[in-house]
J.: 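Before we start, here is the structure in question, set down as structure tokens.
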Protein chains: 2
Amino acid sequence: MTRVLLAEDDIELSESIVEILELEGFDVTAVNSAEDAIEVSLHEHFDIALLDLLMSGMTGVEAISNLRHNQPFLAVIIITAYATVDTAVDAMKKGADSVMTKPFKADELIVTVKRSLAEKQLLESRGDLDADLVYSALANPYRRKALRVLAGQKALKFMDLCRLVEIDDHTKFNFHIRQLKKAGLVMQNANKLYILTNSGRFVLTNHNLSSD
Amino acid sequence: MTRVLLAEDDIELSESIVEILELEGFDVTAVNSAEDAIEVSLHEHFDIALLDLLMSGMTGVEAISNLRHNQPFLAVIIITAYATVDTAVDAMKKGADSVMTKPFKADELIVTVKRSLAEKQLLESRGDLDADLVYSALANPYRRKALRVLAGQKALKFMDLCRLVEIDDHTKFNFHIRQLKKAGLVMQNANKLYILTNSGRFVLTNHNLSSD
DNA sequence: GTAAACTGTGAACTTTAGTTATCAGAATTC
DNA sequence: GAATTCTGATAACTAAAGTTCACAGTTTAC
């Protein structure tokens, strides 16, 4: 069951959020300060946290890094009545996944929570990807370069890709592209041209490959 | 010199921004569409891009991933007259580093640009990380687990960490932790306890290590 | 103070990654 | 249709990663 941590010092709003989310099948733990949220997160696992921005004591945004300390994959939504573009930008910079303005409708809340979870899910569930293979595939500069080249073009012939990666020995390059295929980052289309897989594209954009 | 790419289709505003930034010593290239910005970024290097959200054709936000494609460390600021919390959140999710609402004063612009550059600098200074070493360090499940464990706790003794990673042979574990140290992801504090380096924490949160 | 557990080092070994060379069928070119 | 380039398999080799073992100084427990 998906576990939600709610930190909100407005009792009425808190109760109403709990009700909405429990009806949707979430398991909600409600506290009324950022400090309590951090305390609870030391002992229990949560999938997502809803934090009010302004509470007595620490703000929701200040709590984010503490919470992530214990639970790196925690999704975080900041709730606030006084949201401006600046506060929203600041919250996102500090690690929030989304910002909601009070008051909101039940639907909005549910959609936002589910979307944030889905986005985390996407990251967390490498799906068909084997992390060992992916990282060891990325551990070689030729292969990172090949991925970057493929991301730029759409589809390339073996020899063209080889030349763009600047490997003179094509059989050596053949070895590396096979590693990439084995890791599921690269495949060949119907015409035998090399293209990135969806996983490959995902890894590339997500890992922010440095350009060596 | 710091190079700025400006994409803004309001000629007057564009000229005024160019003037403000050039007075501050920036080297500004102005275009009037997202498409042109992408085109220019293929051939020239920029440190930061200021993109209007709404232009004829592609939006500024849509252009972000294309721009980053060529220049992974590009800082991006989105400019818009119609910013709501939702559009700001969306822009940040899609990779913007900041969002500014029109109209803005010269001071605001300069502060925002300089701050965004400073924050990127911080990331880019992770240039002390050797990508080969980092990826090959991450290519082993024991080592990923050690990183995750260290992210959860603050500091651990050798044997405690070893047990948490569930390696029975401590000399084997010793080998792996040395790999992590060599990659700059882990270090020992004054009391010889093992902790994540800043780079290690950065890699961990940024790569969103799958939980095997 | 002594036994036990902790925190390593270094060498020998096994396994995997990466390179190079040779060859061969398929597709293109002329 | 002959020559040439493209694409790839295979084997033999070298380099690097990972494991295991033997040992030793340090700290902690009793």
Side-chain angles (χ1 to χ4, degrees), chain A residues 129-150 153-197 200 203 209 212, chain B residues 129-147 149-150 153-197 203 209 212:
Chain A
L129 289 180
D130 175 336
D132 284 16
L133 279 178
V134 169
Y135 283 116
S136 89
L138 292 174
N140 181 294
Y142 291 136
R143 296 195 290 252
R144 290 198 297 277
K145 187 164 184 183
L147 286 180
R148 266 182 278 114
V149 168
L150 276 175
Q153 324 286 324
K154 44 244 96 226
L156 283 171
K157 294 174 70 172
F158 177 84
M159 272 298 166
D160 293 339
L161 183 51
C162 183
R163 271 186 288 266
L164 285 168
V165 177
E166 290 170 324
I167 299 186
D168 39 351
D169 180 351
H170 76 276
T171 67
K172 175 173 164 182
F173 174 66
N174 186 49
F175 166 78
H176 289 292
I177 202 157
R178 264 157 64 181
Q179 298 300 103
L180 287 172
K181 278 166 77 173
K182 200 169 67 176
L185 302 177
V186 161
M187 59 181 281
Q188 287 177 279
N189 68 12
N191 303 323
K192 298 218 164 201
L193 299 181
Y194 286 89
I195 55 175
L196 284 185
T197 61
V203 165
L209 285 197
D212 297 317
Chain B
L129 289 179
D130 174 336
D132 284 16
L133 277 178
V134 170
Y135 283 118
S136 88
L138 292 175
N140 181 297
Y142 291 135
R143 296 196 291 253
R144 290 199 297 277
K145 188 165 183 182
L147 286 180
V149 168
L150 277 175
Q153 324 286 323
K154 41 239 96 223
L156 283 171
K157 296 175 69 172
F158 178 85
M159 271 297 165
D160 293 339
L161 183 51
C162 182
R163 272 186 288 266
L164 284 168
V165 178
E166 289 171 325
I167 298 185
D168 39 352
D169 180 351
H170 75 278
T171 69
K172 174 172 164 182
F173 174 66
N174 185 50
F175 166 78
H176 289 293
I177 203 157
R178 266 156 65 181
Q179 300 298 106
L180 288 171
K181 278 165 76 173
K182 201 170 66 176
L185 302 177
V186 161
M187 59 181 281
Q188 287 176 278
N189 69 12
N191 302 323
K192 299 218 164 199
L193 298 182
Y194 286 88
I195 56 177
L196 284 185
T197 61
V203 166
L209 286 197
D212 295 316

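Since the structure is predicted, the reported quantities are computational estimates derived from the model, not experimental observations. The sequence lines fix the lettering, A, B, ..., with proteins before strands; numbering per chain opens at 1.
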J.: Taking side chain to side chain contact (heavy atoms under 4.5 Å, CB included) as the criterion, tell me which of A:N189, A:V186, A:L150, A:L156 meets it with A:I195.
T.: A:N189
J.: Quick one: is B:H176 getting a side-chain N or O under 4.0 Å of the D:dA17 phosphate, OP1 or OP2?
T.: no
J.: Heavy-atom nearest nucleotide on DNA chain D for B:N140 versus A:Q188: which residue maps closer to 5'?
T.: A:Q188
J.: With the side chain counted from C-beta on, respond yes when B:K157 and B:K192 share a heavy-atom pair under 4.5 Å apart, and no when they do not.
T.: no
J.: Counting only side-chain nitrogens and oxygens, does B:Q179 get under 4.0 Å of the OP1 or OP2 atom of D:dA16?
T.: no
J.: Looking at the side chain of A:M159, which of D:dG18, D:dT7, C:dT9 is the nearest nucleotide?
T.: D:dT7
J.: Whole angstrom is fine here: how far is it from NZ in B:K157 over to C1' in C:dA5?
T.: 9 Å
J.: In whole Å, what is the span from the NZ atom of A:K172 to the C1' atom of D:dG8?
T.: 17 Å
J.: So, is B:N174 near the phosphate of C:dT9, with a side-chain N or O under 4.0 Å from OP1 or OP2?
T.: yes
J.: Rounding to a whole Å, what distance do you find between A:R178:CZ and C:dA17:P?
T.: 13 Å
J.: CG of B:D168 versus P of D:dC21: gap in Å, rounded?
T.: 11 Å
J.: Could you tell me the separation between the CZ atom of B:R144 and the P atom of D:dG18, rounded to a whole number of Å?
T.: 11 Å
J.: Quick one: B:N191 CG to C:dG8 P, roughly how many Å, whole number?
T.: 13 Å
J.: Please compare A:S136 and A:F173 by the position of their nearest nucleotide in DNA chain C and report the one closer to 5'.
T.: A:S136
J.: Is there a stack between A:H170 and D:dC6, judged by ring centres under 5.5 Å and planes under 30°?
T.: no
J.: Would B:R144 and A:D132 pass as an ion pair if we require N to O under 4.0 Å?
T.: yes
J.: Without decimals, in angstroms, what is the distance between B:F158 CZ and D:dG25 C1'?
T.: 15 Å
J.: Side chain of A:T171 only, heavy atoms from C-beta on: which candidate in C:dT19, C:dA21, C:dA17 is closest?
T.: C:dA21
J.: Taking atom P of C:dA26 as reference, at what distance in whole Å does atom CG of A:L193 sit?
T.: 19 Å
J.: Taking 4.0 Å as the cut-off, does a side-chain nitrogen or oxygen of B:Y194 come that near to OP1 or OP2 on C:dG8?
T.: yes
J.: Considering only heavy atoms from C-beta outward, does the side chain of B:L133 approach that of B:K182 to under 4.5 Å?
T.: yes
J.: A:R163 side chain: which of C:dG8, D:dC6, C:dG18 is closest?
T.: D:dC6
J.: Parallel, tilted or perpendicular, judged at 30° and 60°: which one describes the rings of B:F158 and B:Y194?
T.: tilted
